Amino acid sequence: MPLNAMKTLALCTAASLTVAGCMAPFDPENPRAVSASDRQSGAQAHPQILAEFGGSYDGPGTDMVRRVGRQVAIESGLSTDGSNCTVTLLNSSVVNAFAIPGCYTYVTRGLLALMDNEAQLASVLGHEVGHVAASHSQRRQNAALGSGLLGVLAGVLTGSGQIAQLAGQIGQVWTLSYSRDQEYQADDLGIRYMTSAGYNPYESADVLDALGQQAALEARIRGQDEASQIPAWARTHPLSADRVARATAKAKETGMQPGQGREEAAAFLSAIDGIIYGDAPEQGYVDGHRFAHPTLRLAFTVPDGFYLNNGAAAVTATNGDTPVQIQFSGGSAGSPSALAQQALSGILGQAAQNAQVTQVETGSVNGMATATQQARVATQSGQTDVTVVAIQYDSSKSYYFAFVSPANVDDSRIIQSTVGSFEKLSSAEAAALNPRVIDVVTVTSGDTVSSLARRMAFDDYREERFRVLNGLSANDGLQAGEQVKIVVEQ
Ligand SMILES: [Zn+2]
């Protein structure tokens, strides 16, 4: 028995206890055809994923993503002409890519912006198609289907901050079960598919390296403890240190030399020129501790130490030091009292039966009526307090904040300061909020890394961000005539 077959067998035995069942070894020459039931579950999940990830992004990059995705799907043998694989560019700033059964593959514009050429895109999409071809997560995904937001809120009450931070990102929950060996196999398959599509296989290591650099920079900017800020792709497809080196070795095994094969950098950069970077106006902007939504015309600020995460279902904020979690959502009709009660019972779920719930208290903030209701409930991590404050924005809309904290932590100041910061934006204030976009520029003879980095629309880490965005290491310089990406305000 060859060594890797033994390894597969051992893994199967251990895994069969936790993951439902054990799969036969995968032969890349003969991938299992996409079954009718997979196609059906994929078709059911697809609209949910679109809703959770900001919908599909329409722009020049959309056609490129579809074309390259279909190409690798054909190389995988899952599809004869690419038509039965659905490839979507998602309108999300989260750095992520994933696939679900039925051959539905996704990449976010956040991840696309980090890439430098089509070969890197083919590598990432090939990796995801590889997970599908090798049936890596099929059973786990079926089990998680439909858990949606309830699962997220249950996570709040069971004390699983990780799950709570995934609000609006259910796709991630589905892909959390990949093992290191599955990642290696998907990397290998991605390299195999991109090479047979004619791309330079060495770009696979480069995009993995770019993701690693991005994860390291995010950790530096936001603080090491803030796991929610590490690119989702790096969390769900763990970037072990040897993965980049391994990808380079696999590229060598193809027999191609570095520089051989298509990269299509110019076509790629022209397709992503002008693409939104970070939050889109209809999603609202996170800027440090402040969240501002130009379309809904509202803003609020969370206290120092909290990190905002702009999910599709809710804006959430977590704090590394004290385990207090904040959620902001709503926009529904009705009185703030009704909304506060509805939101609280939604968060408590079944735990409501055993919760001590206070009466609704009314008040006001910045001229808007409020309603506050609190509950104390026993959870896996001890006595937990949930406070909901609903605010009547105008005659047709109310929003709410929910605060979850251990009962022995006094979060009254956090509540007071967050709720007190909630404000309406004037039309002028809303109009001044512009999205950031990727601008592709050609380096001229006078340009340097620091001169171009100064044009980046950020207050801090401009040069570091510029280097990571363009795959430049600390000592790399620029050459006149080459194209680079900068992030500018639109
Ligand atoms: Zn993966």
Side-chain angles (χ1 to χ4, degrees), residues 8 11 15 19 23 26 28 31-32 38 42 45 49 53 65 68-69 72-73 75-76 78 85-90 92 94-108 110-112 114-115 119-142 144 162 166 169-195 201 203-215 227 230-251:
T8 309
L11 265 175
V19 181
M23 282 165 291
F26 171 66
R32 196 180 55 98
D38 280 357
I49 289 174
F53 281 87
V65 165
V68 174
V72 293
E75 301 304 335
S76 76
L78 282 176
C85 282
T86 304
V87 189
T88 307
L89 173 58
L90 292 167
S92 168
V94 171
V95 176
N96 205 1
F98 52 92
I100 60 167
C103 207
Y104 286 79
T105 308
Y106 306 86
V107 60
T108 60
L111 176 48
L112 200 65
L114 265 186
M115 300 177 188
Q120 295 185 359
L121 175 61
S123 152
V124 167
L125 293 174
H127 174 106
E128 298 304 336
V129 166
H131 280 307
V132 176
S135 306
H136 278 166
S137 60
Q138 181 192 4
R139 290 167 196 274
R140 183 59 172 265
Q141 285 164 0
N142 287 348
Q162 272 294 330
L166 297 181
Q169 299 167 22
I170 54 173
Q172 295 178 17
V173 179
W174 295 348
T175 55
L176 282 173
S177 61
Y178 292 141
S179 68
R180 194 190 60 181
D181 289 86
Q182 287 175 330
E183 289 309 327
Y184 285 165
Q185 189 177 33
D187 281 349
D188 296 354
L189 291 170
I191 289 169
R192 181 189 180 100
Y193 305 153
M194 74 188 288
T195 308
E203 291 300 314
S204 173
D206 284 354
V207 75
L208 287 173
D209 187 48
L211 279 155
Q213 299 294 338
Q214 173 73 13
I230 292 171
W233 201 87
R235 240 181 312 142
T236 58
H237 304 67
L239 283 161
S240 54
D242 59 347
R243 225 173 127 192
V244 175
R246 206 179 157 282
T248 304
K250 286 285 164 186

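The figures that follow rest on heavy atoms only: side chains count, while hydrogens, waters and symmetry mates do not. Both ligands and their constituent atoms are indexed starting at 1 by order of listing. Small disclaimer: the values here were computed from a predicted structure and weren't measured.
Contact annotation: Glu128 places no N, O or S atom under 2.8 Å from the Zn ion (ligand 1).
Of the possible donor and acceptor atoms, one in the side chain of Thr108 sits under 3.5 Å from a partner among the backbone N and O of Val94.
Take the N/O/S atoms of Glu183: the one nearest the Zn ion (ligand 1) is OE1.
At the Zn ion (ligand 1), the vertex angle linking NE2 of His131 with NE2 of His127 is 100° (nearest 10 degrees).
Remark: Asp187 CG to Arg246 CZ distance equals 6.5 Å, nearest 0.5 Å. Atom CE of Met194 sits about 9.5 Å away from atom CG of Leu121, to the nearest 0.5 Å. To the nearest 0.5 Å, atom CD1 of residue Ile100 and atom OH of residue Tyr106 are 4.0 Å apart.
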